[in-house]
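No hydrogens, no waters, no symmetry mates; every other heavy atom, side chains included, goes into these values.
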Amino acid sequence: KYTYIKDDTGYGVIFTNSEAYGLEAGNVVASGKLFASKTTYRGLVEIIPTTPANELGATSNTAPDPEVMNAAPVEGDMNKYAKFESVTFASEAFSSNSIKGTFRDNEITFYNTFGASATFDTSKKYNVVGCVSIYNTLQVNFISAEEVAEPTLNVKITDADFGKVAINDSHERTLTLNGSLLTKPVELTIEGNYFTLASNSITPTDGSISEAKIKITYKPTVEGTHT
């Protein structure tokens with residue numbers, strides 16, 4: 001029933017009562033080919049086509065990417081094909097075809113207009129694609145959601161027990177680090193007297209750290225138990 005369109009002036013939606021209008025994602029229609037009337041339903045401005053789709057002379061092209069949103073949608077975003085990054089959902093599934101999500105500290109209602117099959121983990125974040133709409137109040141017609149991959153960092157040590165070490169002698173252990181999706185250097189610190197790190201920072205390569213090794217040295221200068 002809904003076909004979302006875009007031109008140099010902005011976004012719009014074609015509405016048909018029974019079945020899809022007949023255009024495919026990425027189709028291009030030349031200026032002056034599509035004739036329609038305009039109506040408003042529950043606040044949503046819709047285009048009702050009078051030109052049959054098979055008379056538009058549509059040509060195939062690549063569908064545009066969704067526009068990444070930097071703020072919660074407003075009425076000026078109506079019908080925008082949009083991407084909402086790092087959304088957290090309040091429940092695991094749609095209820096009565098809608099679900100609440102939080103985007104940039106704003107609550108948004110996502111409506112399952114297109115009958116998508118989706119479940120969510122409320123502890124995770126998602127990049128959500130949809131079209132801004134209104135049904136008395138603003139909502140987003142849900143299209144798809146992709147779980148946001150979180151950075152990971154794993155640290156292992158060969159053996160945390162340095163054993164008995166003579167004064168002014170030294171023993172070494174090795175830290176091994178692995179990480180992915182990292183956006184900045186990993187900074188390392190060590191607590192306790194007589195312990196030192198060979199390096200205090202590791203810079204990821206293309207967001208990853210693979211089997212990076214750092215030596216820890218324990219060199220006591222006085223007798224005692226040190227941690």
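- Atom OG of Ser123 sits about 13.0 Å away from atom CZ of Phe89, to the nearest 0.5 Å.
- Leu177 has its side chain out of reach of Asn154: every pair of non-hydrogen atoms, C-beta onward, lies at least 4.5 Å apart.
- Transitive grouping of hydrophobic side chains (ILVMFWY, heavy atoms separated by less than 4.5 Å) keeps Val148 and Val128 in distinct clusters.
- Arg173 places a side-chain N or O within donor-acceptor distance of the main-chain N or O of Asp159, the cut-off being under 3.5 Å.
- Under a hydrophobic-cluster definition in which Ile, Leu, Val, Met, Phe, Trp and Tyr are linked whenever side-chain heavy atoms come within less than 4.5 Å, directly or via other members, Phe195 and Ile202 are assigned to the same cluster.
- Val29 is not connected to Tyr81 by any chain of hydrophobic side-chain contacts under 4.5 Å among Ile, Leu, Val, Met, Phe, Trp and Tyr, and they are in different clusters.
- Side-chain N or O atoms of Asp77 include none that pairs as donor or acceptor with a backbone N or O of Glu75 at under 3.5 Å.
- Side-chain atoms of Ser180 and Thr152 form a donor-acceptor pair, as typed in the model, at a separation below 3.5 Å.
- Taking the side chain as every heavy atom from C-beta outward, Glu150 and Lys125 approach each other to under 4.5 Å.
- In the displayed structure, Glu146 atom CD is contacted under 6.0 Å by at most 12 heavy atoms of other residues, nucleotides or ligands.
- Side-chain polar atoms of Asp206 and Ser208 form no donor-acceptor pair below 3.5 angstrom.
- A donor-acceptor pair under 3.5 Å links the side-chain atoms of Asn200 to the main chain of Leu188, judged by distance alone.
- Residues Leu182 and Pro151 approach most closely at CD2-CB, 4.2 Å, considering heavy atoms.
- Contact detail for Tyr41 and Glu46: the closest heavy-atom pair is CB-OE1, 4.0 Å.
- With values rounded to the nearest 0.5 angstrom, Tyr4 atom OH is found 7.5 Å from Ile143 atom CD1.
- The side-chain hydrogen bond (donor to acceptor under 3.5 Å, both in side chains) pairs that include a residue from residues 107-116 are Lys100-Thr109, Thr113-Asn141, where partners are two or more places apart or lie in different chains.
- Counting heavy-atom neighbours within 6.0 Å of Glu223 CD, excluding the residue itself, gives a total of 12 or less.
- Side chains of Tyr218 and Glu172: no donor on one and acceptor on the other come within 3.5 Å.
- A 4.5 Å side-chain heavy-atom check between Val45 and Lys38 finds at least one atom pair inside the cut-off.
- Separating the OG1 atom in Thr102 from the CZ atom in Phe84 is a distance of 13.0 Å, to the nearest 0.5 Å.
- The minimum heavy-atom distance between Ala166 and Pro220, with the atom names listed, is O-CG, 3.8 Å.
- For the pair Thr51/Tyr21, a side-chain contact is recorded, criterion being any heavy-atom separation below 4.5 Å from C-beta on.
- At least one side-chain heavy atom of Val132 sits less than 4.5 Å from a side-chain heavy atom of Leu138.
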Going through the distances and angles, do Lys1 and Asn17 end up as a side-chain contact (heavy atoms from CB on, under 4.5 Å)?
CA-CA 6 Å; Lys1 291 184 176 182; Asn17 282 314; over 6 Å; no
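- In terms of heavy-atom proximity, Glu147 sits nearest to Lys124 at OE2-CD, 3.2 Å.
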Apply the test side-chain contact (heavy atoms from CB on, under 4.5 Å) to residues Val68 and Glu85: give CA-CA distance (whole Å), side-chain angles for both, the deciding distance (0.1 Å), then the verdict.
CA-CA 8 Å; Val68 177; Glu85 296 183 331; 3.9 Å; yes
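- Taking both residues in full, the closest heavy atoms of Pro49 and Thr16 are given as CG-CG2, 4.1 Å, listed atom of the first, atom of the second, then distance.
- Connection of Val129 to Val87 is established within a shared hydrophobic cluster, with ILVMFWY side chains joined at heavy-atom distances below 4.5 Å, either directly or through further cluster members.
- With contacts defined as side-chain heavy-atom distances shorter than 4.5 Å, the pair Leu34/Ile14 qualifies.
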For ring-ring contact (aromatic ring centres under 6.0 Å, His included), just list the numbers for Phe114 and Phe142, CA-CA rounded to whole Å, side-chain angles, deciding distance to a tenth of an Å, and then say yes or no.
CA-CA 7 Å; Phe114 307 109; Phe142 178 92; 9.2 Å; no
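- A continuous path of ILVMFWY side-chain contacts below 4.5 Å connects Ile190 to Phe162, so both sit in one hydrophobic cluster.
- Ring centroids of His226 and Tyr194 are separated by less than 6.0 Å, placing the two rings close together.
- A side-chain donor from one of Lys213 and Thr176 sits under 3.5 Å from a side-chain acceptor of the other.
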Residues Lys156, Leu175; criterion side-chain contact (heavy atoms from CB on, under 4.5 Å); working and verdict
CA-CA 6 Å; Lys156 294 181 180 180; Leu175 285 177; over 6 Å; no
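- Side-chain contact check for Asn70 versus Arg104: some heavy-atom pair is nearer than 4.5 Å.
- Atom CD1 of residue Ile5 and atom CG of residue Asn79 lie 8.5 Å apart, to the nearest 0.5 angstrom.
- For the residue pair Glu211 and Asn178, a side-chain donor N or O sits within less than 3.5 Å of a side-chain acceptor on the partner.
- Separation of atoms CG (Leu44) and OH (Tyr2) is listed at 6.5 Å; rounding is to 0.5 Å.
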Run the side-chain contact (heavy atoms from CB on, under 4.5 Å) test on Thr196 and Ile216 for me, step by step, so that the C-alpha distance in whole Å, both residues' side-chain angles and the decisive distance to 0.1 Å come before the verdict.
CA-CA 6 Å; Thr196 57; Ile216 304 174; over 6 Å; no
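- In this structure, CD1 in Ile99 is found 3.5 Å from OG in Ser91, a value given to the nearest 0.5 Å.
- Looking at heavy atoms from C-beta onward, Ile167 lies out of side-chain contact with Val222 at the 4.5 angstrom threshold.
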Residues Tyr11, Glu67; criterion side chain to side chain donor-acceptor pair (under 3.5 Å); working and verdict
CA-CA 11 Å; Tyr11 295 84; Glu67 187 171 330; 3.1 Å; yes
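- Counting all heavy atoms, side chain and backbone alike, Leu181 lies closest to Ala149 at CD1-CB, 3.3 Å.
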